[in-house]
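A short write-up of the structure that comes next.
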Amino acid sequence: MLRLTSIVGSASDPATAERLHALSHRGVVEYVTLNRADTARRRLHVFTDRGTEAAILLERSERLANGSVLRLDDQGAVVVRLEEPQWLALEPRDTAAAIELGYFCGNMHWKVRFAGTMLHVSMEGPAEDYLVRIAALTGDGRVRVAGHG
C-alpha cells in the first residue's frame, strides 16, 4: 500500500504543473477523487484512478484541496481531484482580450470550457493561484472575473 504522508505541492503551482505535465506524457500521474467532506479528513484509505491502494496520513496543519499533490518524484505523481469541478468564470472585454486570454490559458495547459462570451477554467488548486496568474489581464479591465467556485 502506498503511504502518502504530506502535501508536497499544488497542481496549480507553475513549477509543479510543469513536472506533472512531463510525468503525464509518461503516463505515471494518478488521481485520487474525493468529495468535499473528505478534504477535512486527515486519514483516508483510497484507491487511485489506476487502482493503486493508498493511505493518506496527514498532519493536522495540512488540508486537502482540489489539486493537492501527495506524491511527486521521478517515478510518478498522485494528485487530488474533487468530485465536483470548480470553475473560474472569465469574461473578456473584447475580441482582442478573448484571443489573449485563450492564448494564455492554452500556454498554461488549463482545461477550459466555453459558454457564450465566457471562458470557464477548471481549477486544480485555489482560485487565488489562478487570479495571480491573470492579474495583468484583470488589472487593466481586459478580463473580468465573473465568479468562481
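- Remark: Arg63 engages no residue in a salt bridge (Lys or Arg N to Asp or Glu O under 4.0 Å) (not counting sequence neighbours).
- Remark: Arg26 CZ is packed, more than 12 non-hydrogen atoms of other residues, nucleotides or ligands lying under 6.0 Å away.
- The one candidate from Glu18, His25, Arg19 that meets the side chain to side chain donor-acceptor pair (under 3.5 Å) condition with His21 is His25.
- In this structure Glu62 satisfies the salt bridge (Lys or Arg N to Asp or Glu O under 4.0 Å) test with no other residue, sequence neighbours excluded.
- You'll find the side chain of Leu23 reaches within 4.5 Å of the side chain of Leu72, heavy atoms only.
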For the pair Leu90 and Leu137, evaluate side chain to side chain contact (heavy atoms under 4.5 Å, CB included) and give the outcome as yes or no after the intermediate values.
CA-CA 10 Å; Leu90 304 171; Leu137 296 169; over 6 Å; no
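- Annotation: salt bridge (Lys or Arg N to Asp or Glu O under 4.0 Å) contacts of Asp94 (sequence neighbours excluded): none.
- Atoms CG and CD, from Leu2 and Glu30 in turn, are 7.5 Å apart once rounded to the nearest 0.5 Å.
- Between Phe104 and Arg133 there is a side-chain heavy-atom pair separated by less than 4.5 Å.
- Under a hydrophobic clustering in which Ile, Leu, Val, Met, Phe, Trp and Tyr are joined whenever their side-chain heavy atoms come within less than 4.5 Å, directly or via other members, Met108 and Phe114 fall into the same cluster.
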Please walk me through it: do Val28 and Gln75 pass side chain to side chain contact (heavy atoms under 4.5 Å, CB included)?
CA-CA 7 Å; Val28 292; Gln75 304 307 308; over 6 Å; no
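- The heavy-atom pair separating Ala146 from Met118 by the smallest distance is CB-CE, 3.0 Å.
- Atom CD of Glu59 sits in a sparse spot, with 12 or fewer heavy atoms from other residues, nucleotides or ligands closer than 6.0 Å.
- With hydrogens and angles ignored, the 3.5 Å screen pairs no side-chain donor or acceptor of Arg113 with any backbone N or O of His120.
- At most 12 heavy atoms of other shown residues, nucleotides or ligands fall within 6.0 angstrom of atom CG in Asp74.
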Atom pairs and distances, side-chain donor-acceptor, residues 121-129, under 3.5 Å, sequence neighbours left out:
{"unit_1": "Glu124", "atom_1": "OE2", "unit_2": "Lys111", "atom_2": "NZ", "d": "2.7"}
{"unit_1": "Asp129", "atom_1": "OD2", "unit_2": "Ser12", "atom_2": "OG", "d": "2.5"}

Between Leu88 and Leu131, is a side chain to side chain contact (heavy atoms under 4.5 Å, CB included) present by the stated rule, with each step listed?
CA-CA 9 Å; Leu88 176 62; Leu131 296 174; 4.0 Å; yes
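- Residues Leu34 and Val78 share a single hydrophobic cluster, defined by chaining ILVMFWY side chains whose heavy atoms lie under 4.5 Å apart.
- Across all their heavy atoms, Thr16 and Val69 have their closest contact at CG2-CG2, 3.8 Å.
- Every side-chain contact (heavy atoms from CB on, under 4.5 Å) that Arg43 has, sequence neighbours left out, goes to Leu57.
- Hydrophobic clustering, with ILVMFWY side chains joined whenever heavy atoms are under 4.5 angstrom apart, groups Val8 together with Val79.
- By the rule that hydrophobic residues join a cluster once side-chain heavy atoms approach within less than 4.5 Å of another member, Leu58 and Tyr31 end up as members of separate clusters.
- For Arg41, the salt bridge (Lys or Arg N to Asp or Glu O under 4.0 Å) criterion is met by Asp38, not counting sequence neighbours.
- The closest side-chain heavy-atom distance from Leu70 to Ile7 is below 4.5 Å.
- Of the residues listed (Val80, Leu64, Val32, Leu4), the one engaging Leu44 in a side chain to side chain contact (heavy atoms under 4.5 Å, CB included) is Leu64, and it is the only one.
- Taking CG from Leu20 and NE2 from His109, the interatomic distance works out to 12.0 Å, rounded to the nearest 0.5 Å.
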Going through the checks in order, is the side chain to side chain contact (heavy atoms under 4.5 Å, CB included) test met by Asn66 and Arg81?
CA-CA 5 Å; Asn66 195 38; Arg81 280 190 176 159; 4.2 Å; yes
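- Cluster membership check: Val143 does not share its hydrophobic cluster with Tyr103, using side-chain heavy-atom separations under 4.5 Å among Ile, Leu, Val, Met, Phe, Trp and Tyr.
- Here the side chain of Arg142 pairs a donor or acceptor atom with the backbone of Ala136 at under 3.5 angstrom.
- Taken to the nearest 0.5 Å, the CG atom of Leu119 stands 9.5 Å off from the CH2 atom of Trp110.
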